Amino acid sequence: MAGTPPETRLSDPIRIGGVELPNRLYRAPLLECAGNGPDAVETFLRELEPAAESGVGLIFQGASIVTAEGGCAAPNMTRLHDPAFVDGLSALTDRIHDHGSRIFVQLAHGGLRSMSMWHSEYRERHPDAVQQAVSRPPLQLRLADRAGFVDLRPHVMSTAEVYELAEAFGRAAGYATDAGYDGIHLSGANMGIIQQFLSPYYNDRDDEFADGVQFLLAVRDAVREQAGNVPLVTKVPVESPSPPFVRTHLTREESVEIARRLASAGYDALVPVEVSVYWDMSVIRGKFPARAWAAASLQEGYATAFGGPWRARTVKWLNRLESRWYDREPGWNADFCRAVREVVDVPVLCEGGLRERAHCDRLLGESCDLVGMGRPFYAEPRLGARLLDGDERALCESCNNCTVPQATGEPGRCRTPAIVRQRARLEKDGVYERPHRTESGDH
Ligand SMILES: Cc1cc2nc3c(=O)[nH]c(=O)nc-3n(C[C@H](O)[C@H](O)[C@H](O)COP(=O)(O)O)c2cc1C
């Protein structure tokens with residue numbers, strides 16, 4: 001953001017829209033798999049409160065689905081279509097505020113990337129499920145469908161249905177704001193419906209939504225109508241890391257222009273991310289999760305999710321290939337963030353492989369205005385205390401053993417014993433303790 005002094009540090013406050021954050025560290029959105037059952041609030045508290053207690057300024061609750069049916073990309077995602085349910089989440093937002101932190105919820109819809117496309121057992125239980133599609137799916141996905149790797153049942157949305165979907169985002173934002181959420185984050189990447197609108201790989205429409213930014217503008221209008229001036233943030237994808245056989249994708253130039261348009265259209269902050277056109281390891285770069293794939297207790301779950309042992313083995317093989325393919329440079333989104341920051345005057349948020357406090361401070365001076373971490377919070381739920389109070393490095397080694405088990409409905413947690421042991425030692429030494437903070441964030 002123009003004018004940010006180079007000596008900006010992690011512990012400095014910042015505003016997003018009208019909301020003041022006590023510092024520039026955020027917990028990136030991670031699926032909590034909290035569902036919509038009676039334990040949902042408890043699950044969210046277990047997942048998110050430790051980060052707030054440890055001083056993290058902004059917590060992004062993971063993707064929640066805006067519609068009553070379909071659109072879930074993974075098992076046990078939470079839906080925010082029901083005002084009575086969302087109202088109950090005020091117990092969560094109150095508790096986060098008690099620690100002086102802020103909480104934004106991420107709103108999402110999977111579109112083509114819904115469970116009915118990839119999850120075998122889900123398909124059996126929902127034989128009539130279709131996937132909301134921006135356009136006819138691209139050739140490579142149709143071939144994968146014919147080969148039996150995925151099950152495409154696209155329903156290409158009419159113009160009226162696209163507006164209805166934007167309204168569903170607005171309604172969920174309204175309920176969330178009533179429940180005390182401080183802001184709305186949109187799941188603009190990870191092959192969700194927003195990326196599908198933005199991407200020329202998926203969007204071949206001939207109505208006003210041929211320009212995918214129009215969908216984000218329709219969502220903005222619906223959010224403003226239902227939730228007033230609540231801060232509105234979105235991930236902005238660039239698809240340059242896509243596999244070589246994908247010829248049409250968002251280029252850096254196109255994505256920077258999308259970011260510029262969104263900022264000037266009233267989006268309050270942007271999270272630029274380099275992702276593939278697919279839902280793959282471009283989002284969570286790191287090692288091949290050998291331990292997670294080998295776990296005896298998960299084999300049945302993998303077979304159930306992926307449609308039998310040999311398909312599970314194919315997914316495992318693809319997972320291995322991707323872990324080698326994607327560049328794992330810590331802070332891999334920083335260059336793209338810098339390019340976006342040059343053309344917008346709203347805060348730019350950087351996440352992806354960041355692990356060291358000193359690195360975060362350097363990026364804050366040059367590439368972004370806030371820094372976020374995702375997987376490190378699985379390894380150390382109270383990581384904020386170590387990062388904010390000292391020149392520390394997160395324990396997470398991006399081994400990804402936390403990621404694959406989620407396909408079976410398992411909760412996200414660090415599953416690497418050496419790291420879990422290190423955290424236990426640090427806990428014993430009291431390094432995660434912080435003085436109590438007040439509502440205003442004072443220590
Ligand atoms: C298990 C898991 C779930 C995730 N869920 C979401 C999500 O709901 N929404 C989203 O935008 N990103 C999601 N991400 C991506 C993270 O927000 C983050 O960009 C990514 O993990 C890279 O940051 P890290 O290296 O600090 O983990 C998820 C990542 C992981 C590992």
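The chain is numbered in sequence order, starting from 1. Values in this document were obtained by computation on a predicted structure and should not be read as measured data. Start at 1 and go down the list; that is how both ligands and their atoms are numbered.
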Discussion item. Does the residue Ser398 have a heavy-atom contact with ligand 1, meaning some pair of atoms that are separated by less than 4.0 Å?
Written reply: no
Discussion item. Polar contacts were defined as any N/O atom of the residue lying under 3.5 Å from an N/O atom of the ligand; does this apply to Ala63 and ligand 1?
Written reply: yes
Worksheet item: At a 4.0 Å cut-off, with the gap strictly under it, does some heavy atom of Gly412 reach an atom of ligand 1?
Response: no
Discussion item. Leu354 versus ligand 1: do any nitrogen or oxygen atoms come within less than 3.5 Å of each other?
Written reply: no
Worksheet item: Can we call the ring centroids of Phe306 and Phe149 under 6.0 Å apart?
Response: no
Worksheet item: Under 3.5 Å, N or O to N or O, is Pro29 touching ligand 1 that way?
Response: yes
Fill in: Options Leu30, Val371, Leu31, ranked by nearest heavy atom to atom 30 (C) of ligand 1, top entry
Leu30
Worksheet item: Considering distance alone, does some N or O of Lys235 sit under 3.5 Å from an N or O of ligand 1?
Response: yes
Worksheet item: Can you find an N or O of Asn190 that's nearer than 3.5 Å to an N or O of ligand 1?
Response: yes
Item to complete: Could you check which of Arg355, Met281, Gln61 puts a non-hydrogen atom nearest to atom 24 (P) of ligand 1?
Response: Arg355
Fill in: Distance-only N or O hit between ligand 1 and Gly353, under 3.5 Å
yes
Worksheet item: Heavy atom of Ala189 under 4.0 Å from ligand 1?
Response: no
Practice prompt. Of all the heavy-atom pairs spanning Glu366 and Arg341, show the shortest one and how long it is.
Written response: O-NH1, 3.4 Å
Practice prompt. Give a yes or no on whether the ring-centroid distance for His185 and Phe60 is below 6.0 angstrom.
Written response: yes
Worksheet entry | Gln106 N/O to ligand 1 N/O under 3.5 Å | yes
Worksheet item: Does an N or O from Trp332, backbone or side chain, lie closer than 3.5 Å to an N or O of ligand 1?
Response: no
Fill in: Sub-4.0 Å heavy-atom contact, Tyr378 with ligand 1
yes
